[in-house]
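Have a look at the structure below, then the notes.
In each ligand, atom 1 is the first atom listed, and ligand 1 is the first ligand listed.
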Amino acid sequence: MSSEATLRERAEARGIEFGAALSAAPLREDSNYWNTARTEFTSVTTSSELKMGPLRPSPKTYDFSDADAIVDFGNEYDMAVRGHTLVWHTQKPDWFQEWDYSGDQVRDFLRDHVRTVAGRYGTRIDAWDVVNEAVHEDGSMRESVWYEGMGPEYVEKAFEWAAEVTDSDLFYNDYDIPTEPEKADAVYDLLADFRDRGVPVDGIGLQLHGIGSQADPADVADTVRRFRDLGLDVHVTELDVAYEVGSVPDDPLAAQAEYYRALVEACVDAGVDSITTWGVNDGNSWVRDFYKAEERFTIDPLLFDRKCDPKPAYHAVKAALFEA
Ligand code: GLA
């Protein structure tokens, strides 16, 4: 395969999914973004479009139009599609006043949500992040409205409800697992217990937002092997690499490329078969909005720059997939 092959061609030849989280607005409005997503990536994830808040403008209505724009795009161009996310503690609808609900009402509400959304898409979505970020860094369960209403059982219930309505692969997704041992152990115990008891979980998603500091690729590989030994698929679901002002390397683009190369090699070697960057290009990265007020971070986390031109990290990832 020539060095001119796209990332998508390289990834497909290597049998690895290499995807990006997409947003509906630039997909509709920016032809560069649309072309880059279609030609360079093998899979797509919805960024915010399937989160409960954006999806549910009022208690009785769903607005699937933005989510459909991304899912339809992925289906149309033979890409794997990841739905993100059915159950999360934040980005809930403004009208959802948690103190108005009893425990039973929380349960009914969540069951209805999971079944409605996962059931609507069926096999048009290949993998779901069913539950996002249920565990704190110290290994305790996060005190979300779902936890307060249903206790820790809400996590397994979400998987069971999803499995009732879809054959998609069902993932638990979280951040800092390779770098926070107490959190890693707690998530491991949770998912090991699910496997023992037949709760329908197929995999774990490692977010890997490298904003200011990046996980050591060797630690990520150890984490991947540990969870694969449970019989789970391990996907890297939310990868980006940015540096903190004051500790920016001399040649940040080269350092970023080297990190992407080392990480992709380590992950593929450890058995990861799906890697997703959290965005297509730097101009649409969440880091830009999220950290703008603080101006603490460089805002160049992705493989393509603001004009969608490939960066050194893009070539490094292609080389890593070629060699892996
Ligand atoms: C978390 C969530 C994502 C996204 C990112 C960045 O990791 O899982 O949906 O919101 O933060 O904003």
Exercise for review: For Trp88, counting its heavy atoms only, list the atoms of ligand 1 lying under 4.0 Å from any of them.
Suggested key: 2 (C), 10 (O)
Study note, to complete from the structure: In terms of its nearest heavy atom to atom 10 (O) of ligand 1, the top option of Glu238, Lys51, His84 is Lys51
Exercise for review: Would you kindly say whether Asp104 and Ser102 are connected by a side-chain donor-acceptor distance under 3.5 Å?
Suggested key: no
Review point. Which pairs, with at least one residue in residues 229-274 and sequence neighbours excluded, count as a ring-ring contact (aromatic ring centres under 6.0 Å, His included)?
Key: Phe171-His235
Point to revise | Tyr121 and Asp68 side chains, donor-acceptor separation under 3.5 Å | key: yes
Review point. Quick check: does Trp286 get an N/O under 3.5 Å from an N/O on ligand 1?
Key: no
Review point. For ligand 1, which atoms sit closer than 4.0 Å to a heavy atom of Asn132?
Key: 2 (C), 8 (O)
Check your understanding: Among pairs that include at least one residue of residues 202-215, which meet side-chain hydrogen bond (donor to acceptor under 3.5 Å, both in side chains), considering only residues two or more places apart or in two chains?
Key -> Asn132-Gln207, Glu133-Gln207, His209-Glu238, His209-Asp240
Review point. Are Asn284 and Asn281 linked by a side-chain donor-acceptor pair shorter than 3.5 Å?
Key: yes
Point to revise | Contacting atoms of ligand 1, where contact means under 4.0 angstrom from a heavy atom of His209 | key: 5 (C), 7 (O), 11 (O)
Study note, to complete from the structure: If we number the atoms of ligand 1 from 1 as shown, the ones under 4.0 Å from a heavy atom of Glu133 are 1 (C), 7 (O), 8 (O)
